[in-house]
Amino acid sequence: MSAVGRVKLQGIVKRHGNVTALHGVDLEIAPGEFFALLGPSGSGKTTTLRILAGLENANEGRVHVDGADVTDVEPGERDVAMVFQSYALYPHMTVYDNIAFPLRMVGTAKSAIDSAVREAAAKVRIDHLLARRPGQLSGGQQQRCALARAIVRKPRLFLLDEPLSNLDAKLRLETRVELRKLQRSLDVTTVYVTHDQEEAMTIADRMAIFMEGRIVQVGTPDEVYARPASVDVAGFIGNPPMNLLPGRIAADRLHIGDHMVALGRDLGAEREVTVGLRPAALRAGPTGLPAKIDLIEHLGDTKLVICRAGESMVKMRVDKAASFRDGDDIRIGFDPGEIHLFERQSGRRL
Ligand SMILES: Nc1ncnc2c1ncn2[C@@H]1O[C@H](COP(=O)(O)OP(=O)(O)OP(=O)(O)O)[C@@H](O)[C@H]1O
Ligand SMILES: [Mg+2]
């Protein structure tokens, strides 16, 4: 495991005029981690990354890298490499010169540049394209060129802002796997911004989930999936995300409309909750929540059965062989252990 590239953000506040982009972000990232910043558009991911890179100054808070306070250190002296959504390649330079650029900037010897450029290009498999210009490359090849330019210097931190979003779906999946392998082989702490929960879930060791300028949860993909910290996180993670229904608890009973479920544990005084149920945790059976099938979506190996249960829409993921028809009245069953409960008012997990 890498020994360098430990990141610590403390109380980062960022204001743009009267818009507060970050309301006090605290975050620690361990050396060598592949760490995702995940959240909806406008939640503050890019701002956080740019502050970490030194491209923007925070109004409050400190940035530490490997124990040193770098809050006031210039971007060029932070030893970070960044890849943006737009690859920002120099159009008039060849691929070779684009990759060599960061080394030339710091006055590296010519022979050392040559071997470093060839090695970086080979790692991302564009070593046969070194003589071309960016305009003569496909989107995926341009993206690799930007990656090669970022890794050529072996930075302390590798910062990526939605680097795959310009690629088509198939290439995005392939490149995601390669990026993960590349990061393992380089063993460089990587902070990866994405609004795509599936991308974050598959690529990251750990992730921070941003909502409206705040981090609302930090954890491994498994932790976040198994125990979303709030209704907002629950509604963001999973494809499709979990069903969220209004309910009421009293002692060890959960009521969803007229349907009652024994929870098997006493949750105290009666109150309003939001009930979370993953589509894959649901099944049709002789007992359960009464519902009527609205629509069936065929997804290949599975089907998504979309039902109405009272005022709520409920999605249930079932085997492709299951026979359901639009308009069927069914009962939706689930194990008490699969129920997620959130406080209605605050949205916090119970
Ligand atoms: N230069 C700016 N001036 C004013 N407001 C800004 C500026 N840059 C960002 N913001 C605001 O700060 C908030 C956070 O923006 P940020 O770019 O960090 O979001 P993001 O999570 O990266 O979103 P996206 O997924 O759309 O890229 C947004 O509300 C945005 O409108
Ligand atoms: Mg962004």
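Remember, it's 1-based here, ligands and their atoms both numbered in the order they're listed.
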Has the side chain of K45 got a donor or acceptor atom that lies under 3.5 Å from a matching backbone atom of P40?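 Yes; judged by distance alone, with no hydrogens or angles, the pair exists.
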Does any N or O in the side chain of D328 come within less than 3.5 Å of the main-chain N or O of F324, such that one atom is a donor and the other an acceptor?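 Judged by distance alone, no pair lies under 3.5 Å.
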Looking only at heavy atoms, what is the nearest atom pair of R104 and D97, with distance?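 Closest heavy-atom pair between R104 and D97: NH1-OD1, 3.1 Å.
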Protein N/O/S atoms under 2.8 Å of the Mg ion (ligand 2)?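 Listed by chain and number: T46 OG1.
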Measure the shortest side-chain to side-chain distance between I12 and R62 over non-hydrogen atoms and say whether it is less than 4.5 angstrom.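 Answer no - side chains too far apart.
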Any V218 side-chain heavy atom under 4.5 Å of R206 side chain: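 A side-chain contact exists here, since the closest heavy-atom pair is under 4.5 Å.
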Residues lining ligand 1 [heavy-atom distance under 4.0 Å, listed by chain and residue number]: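 Within 4.0 Å of ligand 1, the protein residues are H16, A21, P40, S41, G42, S43, G44, K45, T46, T47, E162.
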Nearest 0.5 angstrom please: L130 CG to R118 CZ, how far?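 If we round to the nearest 0.5 Å, L130:CG and R118:CZ are 6.0 Å apart.
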Taking the ring of F35 and the ring of Y192, is the distance between their centroids below 6.0 Å?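 Centroid separation for Y192 and F35: 6.0 Å or greater.
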Checking R176 against T202: is there a side-chain donor and acceptor pair closer than 3.5 Å?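 The criterion, which ignores hydrogens and geometry beyond distance, is satisfied for R176 and T202.
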Please say which of I332, V318, D335 ends up in a side chain to side chain contact (heavy atoms under 4.5 Å, CB included) with R283.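 It is D335; the other options fail the test.
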